[in-house]
Every structure is written in structure tokens, then in C-alpha cells.
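Sequence lines set the chain letters: A, B, ... in the order given, protein chains first and strands last, and positions in each chain run from 1. Just so you know, these numbers come straight off a predicted model, no measurement behind them.
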2 protein chains.
Amino acid sequence: MDLDQLHTFLEIVRLKSFSKAALTCYRTQPAISAQIRQLELEVNTALFERLGTRIQLTQAGRIFADYAEKILDLRRQSQNAINELERVPRGELIIAANEATCIYVLPRVFSGYKKLFPNVQLLVDRSYGKHVVEAVMDNLADFGFTQLPVQEKKLQVVQVHTDEIKLLAPASHPLASRASVRCDELTGEQLLLPKSGATRAKLNAWLEPVEDSLHISMELDSTEMIKRFVLAGLGLSFMAASHCKEGVEAGELATVSLEPEPLIRKLGLVYRKDKAFSKAGLGFIQVVMDSAGLAGPASVLHTEAEE
Amino acid sequence: MDLDQLHTFLEIVRLKSFSKAALTCYRTQPAISAQIRQLELEVNTALFERLGTRIQLTQAGRIFADYAEKILDLRRQSQNAINELERVPRGELIIAANEATCIYVLPRVFSGYKKLFPNVQLLVDRSYGKHVVEAVMDNLADFGFTQLPVQEKKLQVVQVHTDEIKLLAPASHPLASRASVRCDELTGEQLLLPKSGATRAKLNAWLEPVEDSLHISMELDSTEMIKRFVLAGLGLSFMAASHCKEGVEAGELATVSLEPEPLIRKLGLVYRKDKAFSKAGLGFIQVVMDSAGLAGPASVLHTEAEE
DNA sequence: AACGTATGTAACTGGTCGAGATCCATCGTT
DNA sequence: AACGATGGATCTCGACCAGTTACATACGTT
């Protein structure tokens, strides 16, 4: 059964004529007759009485007309709902990110996004390191924030921001006032290192020359914990500058660049290239790019949310 | 948009696979892909995300799936309603008949019909003589009861019963005890004749030999009025035997056959040959035929009404 | 790395739907 | 009553579309 047939049927009902319906349906009269014939065959009942020149609905026809109306109405509603989804995005986006990103990056991005798309629910999948990439790959999350580089070819990467990983020390520490520090200067210090992840890998590489003479007193996996431990004088650590900006500005903590060259940490937004994004998703990419000072892929921002 | 497409779509949603849906839809997988492609084209939105081997509904797809369910549900409901109409007829039948038939024939027929089809509403179009035929011809009435013969070729005729038109007199009248009467014996009597109609035409023909010497004192168009007038001694009249049975049996009225041969009045059920009758209509024909002692056209009576 | 699974793509083909012409019945008009 | 006009049914033909078959491609698993 074709919805065209239903439309034709209702046009006939409305105009009480096959020929007139043929005009409004942009078909010839035989085509209309054929459609109805097929429809009657399908419901196995006559829908019209053919009374020479006049036609009239049968009882079954009257009943069927009601349903046909409802069905076409639902069809229209469905199209409206889909169009509305494009115009005023809603639904949900699942964003995977590690804890630090959740704390230091997402709040700003989310608040910008929510202004534009108040009807989209943002769900945070707070996971760790490569689990973020996996979640995006498995389509369990729509977006992920992760440290770059990411090697997956299927993922699109948008660099969000660049951070420098610095030595983190209490403001009172002798090294705190230094402009930069070499790895061999840390051999006598208690070190608090992140337990795992890309930053830890970078640090391992940087510390490798003095690897054997280090005092790694703790491995932690929370930036907040590390900051408090450092503040309490339990040791030195390393941290992305943006993650400890408040502590430094408050004069409690100090950061020192690493030598011979700064350790750079790049944060990126990743998503599947083959993802079929709605306006809600495209808008998210746009907002992230904007907050990174990049030009967006398309002008999705003109989609003003209204409600 | 085809309902098949919707069904396919929902099968894919249910089975989460194009190929599996192909099996349950008795199509090949490319056919399924094509259907969905066309559907997506029509709603102008991707309904699935193609993630290599896996597929997943998009937001729009989830919304559309709801509507598709509802639409197919309505389709099923419509078929059920139509089937139910066949199984337990309902709706209405319009029956055209003149007053006498309404009084002396319909009550019995209707009560028989209502026992079988309690959900069918019987509407009486009480009209006169040939208006009955016209009403049926114009499809303003589904059935008509009228005096036979009817010459319309488009009408199907079922003879319902045969009546004899007799002279109607008060029981005390000299002619009341006669076995039969000739027209010339009525020249001295006051006559009350039906105003018009087939019976009047028949009587005119019978009275024609003595036409000029008759005293036609009144022309009435109600059998009840004629009976009362005759009873009151205002004159003699003519009436179908079955229309005055009670009065005769009560000993108040007498009927006398006409000479040289009885005047026969045949009552028939008429309906358009091209009428697309539902079970309700076929059942009515059956009931009328049964009450006339005829074999029906089909065994519609097995349709027991249940509610 | 190779295989199995799953979707997309590309010709081919058969069925179907619509156009056009014709037929038939009815209805209104002269 | 005969006529033309109207409206629906039927037939044939042609074009298009949907479906099959076969092949390509991508992903996940052994």
C-alpha cells in the first residue's frame, strides 16, 4: 500500500469524482482508477459504489477514509518532527573525556553550546585516556576529548588547545622561582607522577636519562589530588599549565618549564568521520572550533535556538 | 512512501541489520538498502548511521521509527475494522416504503432482521408510490418496498408477497356476505378510493366499464383512514386483504373478491443491481426472502451477530 | 594476515504504473 | 427520443523503477 494511493483515495472522497481527483493528483483518470482498484484489492473490499456516473463511498470506504486521514496525518507529523529536529536541534550528545578535561575544558565549551542549543542534553562519559578514543570508535560516544596525536584514521581530529606541561612545585620550593629546569635537577626530589596516560608517557620519555636515580613517591590519577599533595609539600609533580592556573595565580603553587624544550600537550576533539551528525552534532563541532579560535566547517551557528 | 518501506525500516530497527531484515522481508539485501536509501531521500535525513559493519539509528531515525510504528498500526487497525464490518455488520440501511408497507410488512421483517444484525441501524424513508423506486434509483435508499411490476432494468426485484385487492365493506353491508362482486354492482354505492398509486390505477382499470356512473365520494391516501371511514358507513372501498385482516377477523369489516378475476397486488423488494452490498445489506435481502419463503442468493445468515 | 560478515555499487531485467486511446453507461438537453 | 457531455472502465504501449545477481569494499575476528 502506497501513501500516494491513500492521498488519491482521499482526493476522490473530497471531490466525489475520479476524474476531478485525477486533476489534483496530476494523473490521468485511468491511473486513478487503477490505484483505487489496487487499493480495493488490497483491503479486499469495495470502497466506492459505482453508480453509473456518480460514485459513493461504501460503508467500508467511510471507515477506511478515516484511517487514511489518520495515516497521512501521521506522515505529515513525522516529517514535521524531523524538520523540527533540524531547525531546533534536540536529543542528546554523549561526550567522552577524562577527568581533567571535564574540569578544565568542558565547562566553558558546554556553557557556550547550551546557549545555542538549550534543548540538547549533553551527557558526559567520564573515562580515561585511550578509553575515550575507544568509546568514540565504538560509537558509544558522539565526541571525545583526548590528548593528541591520535592515530586512528577513521577519526576526525580538531585541535582544541595547546598546553605546556610544567614542573609543579609549592611556591616556597627552591625550584619555584626558576625559569626552567633540567631533568637531572630532580633526582633529589620526591616526585608525584600521574599513574598512566599520555602525559605520563611523555614524562617517562623526558625523565628517561635520569630514570634510575628518581624518587617516585606516588602515582596518582587525579589532577586535584596531585595539586593538593604538592601543596602539602609531599613532593613535586608535573601538570598542564592550564590545569593549575588558579593555584599559581593564588601564589600557592609555581610552575617551571622543562628543558631542553617545553613539553607540549595538545588536546583534541575527535569524532568518527563517518558519523551522520544532526545539527546538534555539527553545532557542537562549531562551538568547539570557535572556542579554539578556528573557522568552523560550515556555518551552523546561524541555527539560533528559539525556545 | 510505501508501507512496505516502513515495514522494512522497522525490521531493520528490530534486527539491527540490513541483511537480517532482508531475510524476514523476503528480499535481497541490496533491495533493503535501496528501500532505506529512498526513504531517507524522501524524509531528507539519514535514518541510520553506517558504521562499517554495524548500523545505528540516528536521532531522526528514532523519531521516525515511532511514527512508522504508529502508521503501520493504523494500517492494521483499518484492516481489522473492515474485516470486522464483514463479520459483524453494522452501519445503517435506508429502506424506502409507503405507509401501508411500513405498517403491515416492515415490522415483521425488521424484527427478524434485528435479531440477526442488532448493530445495523434501520432507517425508514416513508415515501409514496413511485418515489420509493426513485429513492432506490438515486441511491438515497438502499432498499425499497414497492408494488410490482417495476420496469427499471437497473433494479433487482424480489417478490415479497402476493395480496388480493378486495372490496372493503362494513360487516353489515348487503354486499358483505357475497363471495365476489362485479363492478357494475357498485354503481349505486359511495366509493372511497385511494388517491393515487398503483392500486388506484388497477382499480381504475377494473372500474372502467362503469366509470361514468360511479359515485366517488372521497379520495384518501391512508389505509387507516379508509378503514375507519368504511367502518363509519361513509362508503365502500378496496384494500389489500392483508391490510385489513384484523378488522375482518374482528367481524367489523368484510372483504369481497372482485370479478371476473381477483385483483392481485404483488409487493416486491427492490434494490440496485450494481449496489455494492456489505454483509448488512445481503443479510437484509436474505431475511426478506426467508420471510417470503424463498431461497436466498447466498448463505449470509450464518453471519451470527455476537455483541 | 586471512577469512567471514555486512553494506555499498553496478549492470541487467522483469514487473508495474502511468499515458493515451477507446468503449460504455448515464444524465441532461433539445 | 436522440443527441452530446460527463465519468468511469478497459486495453495497449512505453518508460521507469525496484529487485536480483554479481562484485567491490570495509570492518572485526581467528
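- Taking atom CZ on B:F48 and atom P on C:dA6, their separation rounds to 15 Å, with Å as the unit.
- Going from atom CD1 of B:I36 over to atom P of D:dG19 covers 11 Å, rounded to whole Å.
- A 6.0 Å sphere centred on NZ of A:K266 holds no more than 12 heavy atoms belonging to other residues, nucleotides or ligands.
- Nearest-nucleotide positions on DNA chain D for A:K154 and A:K16 put A:K16 closer to the 5' end.
- Rounded to whole angstrom, the span from the CG atom of B:D2 across to the C1' atom of D:dG19 amounts to 13 Å.
- Using cut-offs of 30° and 60° for the angle between ring planes, the A:F143 and A:F277 rings count as parallel.
- One finds no side-chain N or O of B:R37 lying less than 4.0 angstrom from the OP1 or OP2 phosphate oxygen of C:dG8.
- Nearer the 5' end of DNA chain C, as judged by each residue's closest nucleotide, is the contact made by B:R50, out of B:D274 and B:R50.
- Heavy atoms of other residues, nucleotides or ligands lying less than 6.0 angstrom from CZ of A:R62 number more than 12.
- In terms of position along DNA chain C, the nucleotide closest to A:D4 lies nearer the 5' end than the nucleotide closest to the other residue of the pair B:D138 and A:D4.
- Under 4.0 angstrom from either OP1 or OP2 of C:dA6 there lies no side-chain N or O belonging to B:R54.
- Sorted by residue number, the members of residues 25-34 of chain A with any non-hydrogen atom under 4.0 Å from DNA chain C read A:Y26, A:R27, A:T28, A:P30, A:A31.
- Checked against the 6.0 Å centroid criterion, the rings of A:F117 and A:F110 do not qualify as a close aromatic pair.
- Taking atom CZ on A:R272 and atom P on D:dG28, their separation rounds to 7 Å, with Å as the unit.
- Rounded to whole Å, atom C1' of C:dT7 lies 16 Å from atom CD of B:Q56.
- The shortest distance between the side-chain N/O atoms of B:S19 and the OP1/OP2 oxygens of C:dT7 is below 4.0 Å.
- B:K154 and B:D274 are not joined by a salt bridge, as no carboxylate oxygen comes within less than 4.0 angstrom of a charged side-chain nitrogen.
- Atom CD of A:E49 and atom P of D:dG8 are 14 Å apart (whole Å).
- Between the CG atom of B:L15 and the P atom of C:dT7 there is a distance of 11 Å, rounded to whole Å.
- Counting only heavy atoms from C-beta on, A:Q38 has its side chain closest to C:dC17 among C:dC17, D:dG28, C:dT7.
- Rounding to whole angstrom units, CD1 of residue B:I55 and P of C:dT5 are separated by 17 Å.
- Side-chain atoms of B:T101 do not come within 3.5 Å of backbone N or O of B:A97 as any donor-acceptor pair.
- With a 6.0 Å cutoff to the six-membered ring centre and a 45° limit on the axis angle, A:K275 does not count as a cation-pi contact of A:Y271.
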